[in-house]
Every structure is written in structure tokens, then in C-alpha cells.
Amino acid sequence: MPQFIGTSMPRGFAGMLTRGYFDNTTEAKVNDSTTPVVGFGVPVKINTTGDGVAPCAATSDAVYGFSVRMLGQADMQSVQAQPIVTVMRRGYMAVKLASGDAKLGSPAYLDATGGISATADSNTVIPNCTFMGAADADGLVEIAFNI
């Protein structure tokens, strides 16, 4: 993250793309009606019917991408079960760290609640997903994810 006069800039909000909008790949997907994605920066998986996405809720879930907070969305915290969710498949994003101490280049893990962890303890590594540094004071950390 950028620094000035010895102070780190805040990462923004969970689900925000942290690097240029030209340097990522996103897809618009149908939000699962039974278990909808209601947060930004959360890992998502293909739903059981195969026609949309749902939030990851177990370490056995295959992470498809991360829900994106698009500019212009007034509510900073939740998707509010909208019918369409933008999913980042490749790029850099600010996400909420559930546990552990993230370090540059260390792998990101999916915990049993669908959160992002920096510890391997009974968690599953998210393929092609690494931390880009430590979490800020708000618990947000930048990840790099690549399909």
C-alpha cells in the first residue's frame, strides 16, 4: 500500500479492487436465491444448481472468485442479496482477514466459515491466492488472485 510521511494509506472497503480497473478480470453472475452472497470481498463458489454463485461456507468449497464492491453502491457492507453479483476472477482486492497474520507472498486459506485466514490450521489453501502484505488497522488485507 502507498505510504506517505511514515503512514500507510487505508485499504478502503472490503471487496474494493485495489489496483487499476484495467488490470483485473470480473464476471457478472446470478446470485443464488437460496443462499445469496450478501457481503463484499467474500469468497464465492458455483452454486449447487450450477447456474450462479453462492458464498463459500466450508473448507471443502472450491473458490471461484471474490465478490466485488462496485463504485456507486451506497451500502459499503453488503450486497443486499441483489440478483447479480460481480465476481473477481483475477486481480487485486481488499478483503477482511478472519484470522492469522498475513505476510507478503504467503498463501491465503479458506476457513470453515468461508472467511479468509492466514493460518493453515484445518483450513484449505485457496489456489493461486496470496497476500500482498499485512492487514491494516481495520483488518483489511490486499490479496492477489489469479484464475
Original post:
Among side-chain atoms of T26 and T86, is any donor-acceptor pair under 3.5 angstrom?
Top reply: no
Original post:
Have N47 and D32 got a donor and an acceptor in their side chains that come within less than 3.5 Å?
Top reply: yes
Minimum heavy-atom distance between [X] and [Y], given as atom pair plus value:
X	Y	answer
I84	A28	CG2-CB, 3.8 Å
T59	S122	CG2-O, 3.6 Å
L110	P43	CD1-CG, 3.8 Å
A118	A102	CB-N, 3.7 Å
T18	M93	OG1-N, 3.6 Å
S67	V37	CB-CG1, 3.9 Å

Roughly how far, to the nearest 0.5 Å, is [atom2] of [Y] from [atom1] of [X]?
X	Y	atom1	atom2	answer
N128	F145	CG	CZ	7.0 Å
N146	C129	CG	SG	10.0 Å
E142	F131	CD	CZ	11.5 Å
D51	I46	CG	CD1	9.5 Å
D61	K45	CG	NZ	3.5 Å

Please confirm whether the backbone N or O of [Y] pairs with a side-chain atom of [X], one donor and one acceptor, at under 3.5 Å?
X	Y	result
R89	Y64	yes
N123	A120	no
D138	L140	no

**OP:** Check the hydrophobic clustering (I, L, V, M, F, W, Y; side-chain heavy atoms under 4.5 Å; chains of links allowed) and say if L17 and I116 are grouped together.
**Re:** yes
Subject >> Cluster overlap Y109 with V141, hydrophobic side-chain contacts below 4.5 Å >> reply: no
Original post:
Quick check: are there more than 12 heavy atoms from other residues, nucleotides or ligands sitting under 6.0 Å from CG of D101?
Top reply: no
Subject >> Passing candidate, side chain to side chain contact (heavy atoms under 4.5 Å, CB included) with I143, options I126, T130, V95 >> reply: V95
